[in-house]
Amino acid sequence: MIVWLNGTHGAGKTTTSVFVQELLPDSRVFDAEKVGETLMDITPGLPRTNNFQHWPPWRPLVVETARHVLDYTGGTLVIPMTVLVEPYWREISTGLAQHGILVRHFVLHADEEILLRRIAGDTVTGPNSPFRLQYVEPYAEAARTWLHQAAEVVDTTHLTPEQTAQHIAEAVKS
């Protein structure tokens, strides 16, 4: 099984994923961003883009990496990864389904005011990260048009990452 934690940058996916992993027996965290970083290291570089998800190899490589890790280890993979482009999500989720991998897709959602406050106070990437801020509106658009219908939405506005993880773990176990 895969527990996919989606949501905009700064929503708490990476922090929450650690707590989810602790609550689900035989689970591991797989950061699909590392697949993108590997593609960014190719020299000479791939065609320029502002997001490695736009490179066609990224999506099937995420599917294949997850599949091979699960074949090797079994259990559950917790994947904290923002995917806001509907065709990209369909490609990934369809690819995983074709391998018989169950995906529980959760979106960590916070009211925009709270999200902006969290981004402003971020001590990891720095306050008011331009990278995180540039995805606030694309996330809102995806949430309005398809994302919230394609996932189990967890409103984290008034939850800690630990409480969010508890909610997700309980949903997965039920």
Side-chain angles (χ1 to χ4, degrees), residues 2-24 27-41 45-46 48-55 58-59 61-62 66 77-93 103-172:
I2 289 175
V3 175
W4 195 289
L5 304 182
N6 205 340
T8 192
H9 300 278
K13 298 176 305 297
T14 300
T15 302
T16 300
S17 70
V18 173
F19 294 115
V20 171
Q21 185 274 320
E22 292 172 356
L23 294 169
L24 295 178
S27 65
R28 292 165 177 73
V29 175
F30 164 44
D31 186 350
E33 190 167 313
K34 301 299 182 190
V35 174
E37 290 174 6
T38 297
L39 292 173
M40 291 187 318
D41 287 342
L46 298 176
R48 286 193 62 77
T49 180
N50 65 345
N51 185 331
F52 57 71
Q53 291 185 15
H54 299 318
W55 286 323
W58 180 77
R59 298 173 301 277
L61 284 171
V62 167
L77 283 183
V78 179
I79 302 179
M81 186 74 220
T82 299
V83 179
L84 301 179
V85 178
E86 184 177 13
Y88 296 176
W89 175 251
R90 298 281 175 239
E91 184 178 343
I92 291 167
S93 60
V103 177
R104 292 291 298 269
H105 183 202
F106 294 90
V107 170
L108 306 189
H109 174 81
D111 291 343
E112 190 169 311
E113 178 185 331
I114 298 298
L115 176 65
L116 292 173
R117 195 175 314 152
R118 290 176 184 170
I119 292 171
D122 188 339
T123 58
V124 176
T125 61
N128 293 314
S129 161
F131 175 79
R132 289 183 171 181
L133 289 170
Q134 76 180 346
Y135 287 97
V136 171
E137 181 49 40
Y139 165 76
E141 178 65 19
R144 279 191 299 275
T145 58
W146 71 273
L147 184 59
H148 283 195
Q149 289 77 43
E152 300 172 58
V153 178
V154 180
D155 187 344
T156 67
T157 301
H158 303 291
L159 299 177
T160 65
E162 294 93 338
Q163 291 168 324
T164 302
Q166 185 68 42
H167 176 88
I168 291 166
E170 288 172 6
V172 168

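The figures that follow rest on heavy atoms only: side chains count, while hydrogens, waters and symmetry mates do not.
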Here the pair of heavy atoms bringing Y135 nearest to N50 is OH-O, 4.1 Å

Between Q166 and E162: side-chain donor-acceptor atoms closer than 3.5 Å
no

Please confirm whether H54 and Y88 have ring centers closer than 6.0 angstrom.
yes

Backbone N/O of V153 and side chain of H148: donor-acceptor pair under 3.5 Å
no

Ignoring hydrogens, what is the shortest heavy-atom contact between N6 and H105? Give both atom names and the distance.
ND2-NE2, 3.1 Å

Just verifying a value: how many Å separate Y139 OH and E112 CD, rounded to the nearest 0.5 Å?
10.0 Å

Hey, does V154 have a side-chain heavy atom less than 4.5 Å from the side chain of T16?
no

Nearest heavy-atom pair of A151 and V107: which atoms, and what distance?
CB-CG2, 3.4 Å

Contact between T157 and L115 at the side-chain level, heavy atoms closer than 4.5 Å - yes or no?
no

Beyond-backbone contact of T15 with T164, side-chain heavy atoms, under 4.5 angstrom
no

Ionic contact status for E170 with R104, cut-off 4.0 Å
no

Atom pair CD1 (I168) and CG (L24), whose distance is rounded to the nearest 0.5 Å
9.0 Å

Can you tell me how far CG of L61 sits from CH2 of W55, rounded to the nearest 0.5 angstrom?
11.5 Å

What's the separation between atom CD in E141 and atom CG in L147, rounded to the nearest 0.5 Å?
11.5 Å

Within a strict 4.5 Å, meaning less than it, do heavy atoms of the F30 and I2 side chains meet?
no

V85 and R59, any side-chain heavy atoms less than 4.5 Å apart:
no

Taking all non-hydrogen atoms of both residues into account, name the closest pair between Q163 and L159 and its distance.
OE1-CA, 3.3 Å

Rounded to the nearest 0.5 Å, how far apart are CZ of R117 and CG of D111?
10.0 Å

Would I92 and W4 count as a side-chain contact (heavy atoms from CB on, under 4.5 Å) here? Give the steps.
CA-CA 11 Å; I92 291 167; W4 195 289; 3.8 Å; yes

In the structure I gave you, are the side-chain heavy atoms of I119 and F131 within less than 4.5 Å of one another anywhere?
no

Could you walk me through whether D31 and T14 pass the side-chain contact (heavy atoms from CB on, under 4.5 Å) test, one step at a time?
CA-CA 8 Å; D31 186 350; T14 300; 5.5 Å; no

Exceeds 12 heavy-atom contacts within 6.0 angstrom, atom CD of Q149:
yes

Does the side chain of S17 reach to within under 4.5 Å of the side chain of V78, using non-hydrogen atoms?
yes

Under a 3.5 Å distance rule, please check whether W58 uses its side chain to pair with a backbone N or O of A32 as donor and acceptor.
yes

Heavy atoms of W89 and V83 approach each other most closely as N-CG1, 3.7 Å

Shortest non-hydrogen contact from E33 toward M81
N-SD, 3.6 Å

Less than 4.5 Å apart, any side-chain heavy atom of V29 and any of P80?
yes

Tell me whether T8 contacts the main-chain N or O of A11 through its side chain, where contact means a donor paired with an acceptor under 3.5 Å.
no

Could you tell me the separation between the CZ atom of F52 and the CG atom of L46, rounded to the nearest 0.5 Å?
12.5 Å

Mark yes or no for whether T82, through its side chain, and G7, through its backbone, hold a donor-acceptor pair below 3.5 Å.
yes

